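Data first, discussion second: the structure below is written as structure tokens.
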Amino acid sequence: MAVGAPRISSTPLPGIGVRYDLTTREHQRMSVVAHRDGGRTVSAYREDDPDECALSVRLTAKETESLIGALMPSHHSPALLSTTELGLVAERVELSSVSHWNGRVLGETRMRTETGASIVAVLRRAEAIPSPAPDFRLAGGDTLIVIGTREGVETAATILGRE
């Protein structure tokens with residue numbers, strides 16, 4: 001292990017999940033408890049007393065996904081087009097089960113006409129539907145991949161969030 005490299009270890013917690021402990025290169029300690037229900041508890045420990053917890057936050061599975069998105073924006077891959085340099089952004093927008101669009105076809109949203117943004121894929125359960133056609137029927141729980149300008153994508157998220 002390189003000098004100053006972060007160290008991580010895991011400990012099974014029967015009936016709860018798994019605890020992951022991280023010591024940073026600056027010797028700061030953090031832990032993440034991955035609960036069996038998909039939630040996470042993120043904790044940070046005091047520098048002057050590494051056994052005393054300074055912060056502990058319980059996150060739902062969805063909040064955990066949001067945090068991962070903030071820590072690893074767009075799940076960066078060198079093979080992917082960097083759209084920010086072109087003035088474009090891509091975002092995931094989840095359709096709620098009580099959405100106005102639940103059960104309606106994609107074309108009814110008039111997304112491209114109203115916002116200039118495009119829905120380039122739909123994630124449904126474990127399936128990805130690339131380039132959905134205007135007659136594609138939306139369902140609550142779908143995650144829509146929307147690409148466009150920042151303003152267009154934000155407007156699209158507002159439209160898709162309509163109940």
Side-chain angles (χ1 to χ4, degrees), residues 8 10-22 30-44 53-163:
I8 193 158
S10 64
T11 305
L13 302 173
I16 298 170
V18 178
R19 176 179 166 153
Y20 298 92
D21 292 296
L22 170 73
M30 298 180 66
S31 69
V32 175
V33 175
H35 297 271
R36 292 173 55 179
D37 66 1
R40 301 290 189 265
T41 300
V42 179
S43 301
C53 187
L55 171 73
S56 185
V57 179
R58 170 80 171 165
L59 303 171
T60 66
K62 289 289 183 195
E63 291 165 338
T64 300
E65 287 178 26
S66 295
L67 180 59
I68 290 168
L71 293 171
M72 309 249 336
S74 303
H75 304 288
H76 179 71
S77 166
L80 295 177
L81 172 66
S82 175
T83 57
T84 54
E85 294 169 6
L86 303 172
L88 299 174
V89 296
E91 293 216 0
R92 295 172 183 237
V93 178
E94 185 171 338
L95 216 58
S96 79
S97 60
V98 295
S99 171
H100 170 78
W101 306 107
N102 187 3
R104 296 179 186 242
V105 295
L106 181 59
E108 288 182 51
T109 66
R110 298 181 39 82
M111 193 58 53
R112 195 173 301 135
T113 302
E114 299 294 323
T115 69
S118 297
I119 297 171
V120 298
V122 176
L123 308 177
R124 181 175 287 166
R125 292 181 284 285
E127 181 183 9
I129 299 103
S131 304
D135 64 349
F136 178 82
R137 195 157 301 277
L138 298 168
D142 284 351
T143 299
L144 311 177
I145 308 300
V146 183
I147 190 166
T149 63
R150 165 60 54 204
E151 181 181 284
V153 169
E154 287 175 0
T155 303
T158 299
I159 290 170
L160 293 167
R162 180 176 160 202
E163 293 184 358

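Treat the numbers as computed from the prediction; the structure is a model and nothing was measured.
Scanning both residues, Val146 and Ala156, for their nearest heavy atoms gives CG1-CB, 3.9 Å. Across Gly39 and Asp37, no two heavy atoms sit closer than the pair N-OD1, 2.8 Å. Nearest heavy-atom pair across Leu55 and Cys53 is O-SG, 3.2 Å. The minimum heavy-atom distance between Ser97 and Asn102, with the atom names listed, is O-ND2, 2.9 Å. Val105 and Asp135 make their closest contact through CG1-O, 3.5 Å (heavy atoms, listed as atom of the first residue, atom of the second, distance). The two residues Val32 and Val42 make their nearest non-hydrogen contact at CG2-CG2, 4.3 Å.
Lys62 has a carboxylate O that lies under 4.0 Å from a charged side-chain N of Glu94, or vice versa, which qualifies the two as a salt bridge.
To the nearest 0.5 Å, the span separating CG on Leu95 from CH2 on Trp101 amounts to 9.5 Å. Note that the CD1 atom of Ile8 and the OG atom of Ser31 stand 10.0 Å from one another [nearest 0.5 Å]. Between the CD1 atom in Ile145 and the CG atom in Leu123 there is a gap of 4.5 Å [rounded to 0.5 Å]. In this structure, the separation between OG1 on Thr143 and CD on Glu65 is 7.5 Å, given to the nearest 0.5 Å. To the nearest 0.5 angstrom, Thr109 atom OG1 is 11.0 Å from Arg162 atom CZ. Taken to the nearest 0.5 Å, the CZ atom of Arg137 stands 10.0 Å off from the CZ atom of Arg124.
A donor-acceptor pair under 3.5 Å is formed between the side chain of Ser96 and the backbone N or O of Val98. Side-chain atoms of Arg36 do not come within 3.5 Å of backbone N or O of Gly17 as any donor-acceptor pair. Formation of a donor-acceptor pair under 3.5 Å by the Arg40 side chain with backbone atoms of Gly38 is found in this model. Counting only distance, with no hydrogens or angles, the side chain of Asp142 and the backbone of Ala139 share a donor-acceptor pair below 3.5 Å.
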Side chain to side chain contact (heavy atoms under 4.5 Å, CB included) evaluation trace for Thr41 with Ser56 = CA-CA 7 Å; Thr41 300; Ser56 185; 3.4 Å; yes

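Between Tyr20 and Leu22 there is no side-chain heavy-atom pair separated by less than 4.5 Å. Counting heavy atoms from C-beta outward, Ile16 and His35 have side chains that approach closer than 4.5 Å. Between Met111 and Leu160, the closest side-chain pair of non-hydrogen atoms falls below 4.5 Å. Considering only heavy atoms from C-beta on, Leu106 stays 4.5 Å or farther from Val122 through its side chain. Proximity of Leu144 to Arg92: side-chain heavy atoms (C-beta onward) are nowhere separated by under 4.5 Å. In this structure the side chain of Thr155 never reaches within 4.5 angstrom of the side chain of Glu114, judged on heavy atoms.
Atom CZ of Arg104 is surrounded by more than 12 heavy atoms from other residues, nucleotides or ligands within 6.0 Å. Within a 6.0 Å sphere centred on CD of Glu151, heavy atoms belonging to other residues, nucleotides or ligands number 12 at most. Other residues, nucleotides and ligands place no more than 12 heavy atoms under 6.0 Å from the CZ atom of Arg112.
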